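For reference, the structure is listed below as structure tokens.
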Amino acid sequence: IAEFYDLPFEDKMVRFDQLAIGPVINNCKGGINYCDIPYSDDLQKFCLDYHDICNKAASQCTNLCLDSEMMVIGTSAIIQTEIDSIVNQYAKGFNNPMVMWGKYRKHWLKVTLPISFQFHHVQMDGGQAAQFLEKLQMTINAIA
């Protein structure tokens with residue numbers, strides 16, 4: 001959604017031309033690293049970039065961050081546990097939206113994946129957040 005391109009920074013709103021997804025990944029030494037994957041409407045291209053960049057960061061134990069020309073949306077998969085929400089205190093210099101999830105849950109004949117979505121209220125309102133979550137659900141349904 002359009003609001004993802006805006007980032008509140010100090011006393012102004014910064015508008016970016018491009019998006020990136022920034023997952024936290026486990027590296028080969030048992031630690032964590034960060035990497036940024038440029039967003040693409042082409043899901044196959046994005047998937048290939050995602051795997052290539054994450055594997056490189058994990059095997060080299062290094063952060064692979066893009067330049068500041070892209071708005072980075074943080075992600076984190078905490079698949080070791082079930083979650084209902086994750087609450088982080090936003091710091092003054094970190095206002096990027098974040099989408100996090102844990103284990104999926106099986107209940108009778110359906111599978112659910114609860115997610116936690118955080119955003120800066122200056123960036124978007126509840127209506128825009130709901131619009132994003134609805135589009136996310138439609139994308140998941142289309143893939144399934």
Side-chain angles (χ1 to χ4, degrees), residues 1-107 110-125 128-144:
I1 63 172
E3 287 76 13
F4 276 132
Y5 291 89
D6 298 327
L7 178 67
F9 182 73
E10 293 178 359
D11 61 346
K12 57 187 159 192
M13 187 73 81
V14 178
R15 178 87 174 162
F16 291 84
D17 293 326
Q18 296 176 296
L19 296 176
I21 307 302
V24 178
I25 57 166
N26 295 321
N27 66 35
C28 64
K29 293 183 180 176
I32 61 170
N33 284 102
Y34 306 91
C35 56
D36 297 341
I37 295 95
Y39 171 76
S40 173
D41 285 331
D42 181 342
L43 193 54
Q44 287 183 321
K45 178 182 177 0
F46 178 77
C47 188
L48 288 172
D49 289 345
Y50 186 93
H51 287 288
D52 289 345
I53 294 169
C54 287
N55 287 336
K56 183 176 179 182
S59 65
Q60 295 178 0
C61 299
T62 187
N63 296 330
L64 297 175
C65 298
L66 299 170
D67 58 34
S68 61
E69 299 295 318
M70 292 187 180
M71 169 61 173
V72 179
I73 300 165
T75 65
S76 189
I78 306 165
I79 59 174
Q80 303 86 335
T81 189
E82 291 183 2
I83 64 164
D84 287 314
S85 70
I86 296 173
V87 178
N88 287 332
Q89 183 69 28
Y90 273 101
K92 184 178 179 182
F94 187 72
N95 295 322
N96 300 53
M98 294 187 287
V99 180
M100 293 150 286
W101 60 93
K103 281 184 181 178
Y104 62 86
R105 299 175 187 174
K106 292 182 178 180
H107 299 280
K110 70 178 185 175
V111 176
T112 59
L113 178 64
I115 65 166
S116 179
F117 176 46
Q118 297 182 143
F119 59 93
H120 194 293
H121 195 46
V122 171
Q123 180 184 41
M124 68 181 75
D125 210 347
Q128 288 92 2
Q131 179 187 10
F132 163 71
L133 293 172
E134 182 62 26
K135 286 183 176 186
L136 177 62
Q137 182 65 61
M138 289 172 26
T139 302
I140 291 169
N141 291 347
I143 292 169

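Given the structure is predicted, the values throughout are model-derived calculations rather than measurements.
Minimum heavy-atom separation, Ser76 to Val24: OG-CB, 4.2 Å. Contact between Asn96 and Met71 at its shortest, heavy atoms only, is ND2-SD, 4.0 Å. Summarising the geometry of Leu66 relative to Ala20, their closest heavy-atom pair is CD1-CB, 3.7 Å, with the distance given to 0.1 Å. Of all the heavy atoms in Cys35 and Ile25, the pair that sits closest is SG-CD1, 4.3 Å. Shortest non-hydrogen contact noted between Pro8 and Met13 is N-SD, 3.5 Å. The minimum heavy-atom distance linking Cys28 with Cys61 is given by the pair SG-SG, 3.5 Å.
Applying the 6.0 Å contact sphere to CD of Gln80 captures more than 12 heavy atoms from other residues, nucleotides or ligands. Phe46 CZ: more than 12 foreign heavy atoms inside a 6.0 Å radius. For Asp42, the CG atom sits in a packed shell: over 12 heavy atoms of surrounding residues, nucleotides or ligands are nearer than 6.0 Å.
With Asn63 contributing its side chain and Tyr34 its backbone, the two residues share a donor-acceptor pair below 3.5 Å. At least one donor-acceptor pair under 3.5 Å links the side chain of Asn27 to the backbone N or O of Lys29. The closest donor-acceptor contact from the side chain of Gln128 to the backbone of Asp125 lies under 3.5 Å. At distances below 3.5 Å, not a single donor-acceptor pair connects side-chain atoms of Asp49 with backbone N or O atoms of Ile37.
The distance from the CD atom of Glu134 to the CD1 atom of Ile1 is 12.0 Å, given to the nearest 0.5 Å. In this structure, Asn33 CG and Gln60 CD are separated by 10.0 Å, a value rounded to the nearest 0.5 Å. Between the CE atom of Met98 and the CZ atom of Phe119 there is a distance of 12.0 Å, given to the nearest 0.5 Å. His120 NE2 to Leu7 CG: the interatomic distance, rounded to the nearest 0.5 Å, is 8.5 Å.
A salt bridge does not link Asp52 with Lys56: every distance from a Lys NZ or Arg NE/NH1/NH2 to an Asp or Glu carboxylate oxygen is 4.0 Å or more. Salt-bridge annotation for Asp6 and Lys12: absent, with no side-chain N of the basic residue lying under 4.0 Å from a carboxylate O of the acidic one.
The shortest distance between side-chain heavy atoms of Leu113 and Arg105 does not fall below 4.5 Å. Side-chain contact between Pro38 and Gln18 is absent, with no heavy-atom pair separated by less than 4.5 Å. Looking at heavy atoms from C-beta onward, Pro97 lies in side-chain contact with Gln123 at the 4.5 angstrom threshold.
Under the salt bridge (Lys or Arg N to Asp or Glu O under 4.0 Å) criterion, Asp11 pairs with no residue, sequence neighbours left out. With sequence neighbours excluded, no residue forms a salt bridge (Lys or Arg N to Asp or Glu O under 4.0 Å) with Asp36.
Screening Val99, Asp84, Thr75, Ile140 against Ile115 for a side-chain contact (heavy atoms from CB on, under 4.5 Å) leaves a single residue, Val99.
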Trace of the side chain to side chain contact (heavy atoms under 4.5 Å, CB included) decision for Tyr104 with Thr112 | CA-CA 6 Å; Tyr104 62 86; Thr112 59; over 6 Å; no
Stepwise, does the side chain to side chain contact (heavy atoms under 4.5 Å, CB included) test hold for Gln131 with Met124?
-> CA-CA 11 Å; Gln131 179 187 10; Met124 68 181 75; over 6 Å; no
Show the numbers, then the answer: is there a side chain to side chain contact (heavy atoms under 4.5 Å, CB included) between Tyr5 and Leu19?
-> CA-CA 7 Å; Tyr5 291 89; Leu19 296 176; 3.5 Å; yes
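Between Phe16 and Phe4, the distance from one ring center to the other does not fall under 6.0 angstrom.
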